[in-house]
Amino acid sequence: MFALVDGTNFYVSCERVFQPRLEGVPVVILSNNDGSVVSLSAEAKAYGIRRGVPYFEIRELLRHRQGQALSSNYALYGDMSGRMMRRLAAHAPIEIYSIDEAFLDLHGMERYIQAPGGIGRDAKRDVLACTGLPTCVGVAPTKTLAKAANRLAKKYPELQGVLVLDTESRRERALRALLVEDVWGVGRQYALALQQKGVATAWQLAGVGEAWARKHLGGVVGWRLVQELRGQPCQGLLPSEDGTLRRQSLSYSRTFGQPLQLFDAVWGAVSTYLIKAAEKLRAQGDEAHILSIYLSKNRFDPQLQGPAGRTATLTLPMGPTADTLQLLHYGRQLFGRLWEPGNAYTKAGVVLDGLESRERPRQLQLFAPEPGPTPKGRPELMQCLDQVNARFGRGKVTVGCAVPSGGEGAPWQSKSQWRSPAFTTRLEDLLLIN
DNA sequence: TCTGGGGTCCTAGGACCC
DNA sequence: TCTGGGGTCCTAGGACCC
């Protein structure tokens, strides 16, 4: 059996822990650049606001209803997430699935699931008591069914946030009540196609054959999904060691505060993003051997023809690295391949792929690596750079071509007008009760 | 005027190798 | 006109997740 635990309107809940005045108020949390809604409270949902809508469309509605919009504060959410995960990990082996969701492995704990209250209610109570965060819990024999149970636990208040699917009849009842578009792994495209073929509920989806599933739901993924709905596990727990996630790629991208046309401005943004991505890479003790850069134009522009974005990718000739200067060197080459004068760019990003731990055993070098910018003494230099910045503030020391202090006041700087303080991670932002 | 960011997995074709 | 089988790597793209 698996449990899926997730935070209810997680970002809003994090804000409310430190700002009780937001209790009962329609609250929306905005994306970077204050562009669109990424999380919202039940009160905001009741007024018809939905995740993903652009802020300018709901600004008036929110003001009219005395609602509150906040910029997203990932320093706060990330720290609160860590607190929640540490509580959950005390109950069972854990896989952290996203910032506000975790799977718990309950194999061998079946008797505890059945006990009065059960592990779901227990974990939920614990997280609330220790962090102030409300959660929902779904328990079932497969991950997909646990997600389904969680979904229904949220939808029906009488379940009080916990649903256990531990018998055939409970599974059937749940799947009959679940729409196909609410199944984990069925997105917009698939939902539309399924509905057109007369498959409207999760129960109907669980009844399709293997060939059908492979044909209409993206191959082997679709077939696994159907099996999981039937109660046959196809995915095990991927345990998160010491509360962190093992990742295969890492990226840093931002929408600019305004469209940019000048080479220097766009390269200024990309080089800054590269520096940040390299910092993240070193902070998690990894090296990357594939580098991608992408540039995007405004994807909502009706004049736009062709794809909004272009990507350039390179396998680094000297092998895995976490060196800012090497990444900048090759990043500049990739940028040159993408750059087209006369375009108004709205967004850029950097992706580091093929991540390996820096501590891994070194493979025997059979051939001399291609000469890149000289790497002698570089790991030490990078380490020194990170230590100085950790002590004196991010971006205090950087490379010569970069904009100081990480782009503060730069032309690409994102908007973030209503950010709450970093209550839990900055001493100056500590909440004071008078 | 104003529309996020960071991930995953799978497929498929071409180059290249044995 | 005929012209294998199997494998890897690389790249691009499409679907999905939160």
Side-chain angles (χ1 to χ4, degrees), chain A residues 4 6-7 9-11 28-39 50-60 69 71-72 74 77-78 81 95-103 143-144 147 150-151 181-194 214-225 234-235 238 245-259 273 276-277 280 284 289-292 294 296-302 304 307-317 334 337 344 346-355 414-417:
Chain A
L4 188 269
D6 76 343
N9 309 327
F10 185 68
Y11 297 168
V28 302
I29 310 293
L30 302 177
S31 61
N32 267 323
N33 227 23
D34 293 336
S36 63
V37 174
V38 295
S39 175
R50 290 291 170 263
R51 192 186 134 87
V53 301
Y55 177 53
F56 67 83
E57 285 181 7
I58 56 145
R59 192 165 29 208
E60 286 313 308
S71 306
S72 36
Y74 288 100
Y77 312 149
S81 170
E95 171 188 338
I96 298 170
Y97 178 69
S98 73
I99 193 165
D100 72 334
E101 278 177 292
F103 288 102
K143 283 182 164 181
T144 306
K147 287 284 282 188
N150 175 281
R151 188 81 181 213
E181 62 261 39
D182 292 333
V183 171
W184 189 40
V186 176
R188 273 235 309 274
Q189 313 283 330
Y190 289 160
L192 208 63
L194 287 170
R214 284 179 182 268
K215 183 161 180 220
H216 297 111
L217 285 171
V220 64
V221 186
W223 174 230
R224 283 206 286 253
L225 193 164
C234 299
Q235 314 178 56
L238 305 168
L245 239 23
R246 193 76 227 145
R247 297 245 123 114
Q248 302 175 42
S249 75
L250 171 165
S251 65
Y252 192 99
S253 69
R254 288 290 180 276
T255 298
F256 308 141
Q258 55 184 319
Y273 299 173
K276 299 212 186 230
K280 278 209 242 178
Q284 65 185 53
H289 84 278
I290 301 170
L291 171 63
S292 300
Y294 66 88
S296 301
K297 295 176 269 187
N298 181 5
R299 66 183 200 276
F300 300 101
D301 180 358
L304 181 77
R310 285 181 61 209
T311 305
T313 301
L314 179 72
T315 300
L316 297 171
L334 291 172
R337 264 157 61 182
T346 57
K347 177 181 178 179
V350 171
V351 182
L352 299 172
D353 245 304
L355 266 45
S414 295
K415 289 176 283 186
S416 204
Q417 291 187 59

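Owing to the predicted nature of the structure, the values given are computational and were not obtained by experimental measurement. Just so you know, these numbers use all the heavy atoms, side chains as well, and skip hydrogens, waters and symmetry mates. Numbers restart at 1 for each chain; the letters A, B, ... are given by sequence-line order, proteins then strands.
A:L250 comes within 4.0 angstrom of the backbone, heavy atoms only, and of no base. Across all strands shown, A:R310 has no heavy atoms under 4.0 Å from either base or sugar-phosphate atoms. Within 4.0 Å (heavy atoms only), A:F300 reaches at least one base atom of the nucleic acid. Residue contacts for A:F10: at a heavy-atom cut-off of 4.0 Å it reaches no nucleic acid atom on any strand shown. Residue A:T315 is in sugar-phosphate contact alone, with no base atom involved, counting any heavy-atom pair closer than 4.0 Å across all strands shown. Within the 4.0 angstrom heavy-atom criterion, only backbone atoms of the sugar-phosphate kind lie near A:Q248; the bases stay farther away. A:R254 comes within contact range of the sugar-phosphate backbone alone, with a heavy-atom separation under 4.0 Å but no base atom that close. Note on A:K415: nothing from the nucleic acid sits closer than 4.0 angstrom, heavy atoms only. At a threshold of 4.0 angstrom between heavy atoms, the contacts of A:V183 are confined to the sugar-phosphate backbone, with no base atom among them. Residue A:N33 is classed as having no contact, given no heavy-atom separation below 4.0 Å to the nucleic acid. Using a 4.0 Å heavy-atom distance criterion, A:V221 is classed as a sugar-phosphate-only contact. Within 4.0 Å (heavy atoms only), A:D100 reaches sugar-phosphate atoms of the nucleic acid but no base atom. Residue contacts shown for A:V53 are absent, as no nucleic acid heavy atom lies under 4.0 Å away.
Between A:K143 atom NZ and C:dC16 atom C1' there is a gap of 15 Å when expressed in whole angstrom units. A:Q417 places its CD atom 11 Å from the C1' atom of B:dC2, with the value rounded to the nearest Å. In this structure, A:W184 atom CH2 and B:dG7 atom C1' are separated by 13 Å, rounded to whole Å.
Under the stacking criterion of a centre-to-centre distance below 5.5 angstrom and an interplanar angle below 30°, A:F56 is not stacked against the six-membered ring of B:dT1.
The side chain of A:T311 places no N or O atom within less than 4.0 Å of a non-bridging phosphate oxygen (OP1 or OP2) of C:dT11.
Searching all strands for a Watson-Crick or G-U wobble partner of B:dC18 with both distances below 3.5 Å returns C:dG5.
Nucleotides C:dC18 and B:dT3, compared at atom P, are 24 Å apart to the nearest Å.
Using the six-membered ring where Trp is involved, A:Y11 and A:Y74 have ring planes that are perpendicular, over 60° apart on the 30 and 60° scheme. In this structure, A:Y252 and A:Y273 have tilted ring planes: the angle between them lies in the 30° to 60° band.
When distances run from any side-chain atom of A:K147 to the nucleotides C:dC16, C:dC18, B:dG4, the shortest one goes to C:dC18.
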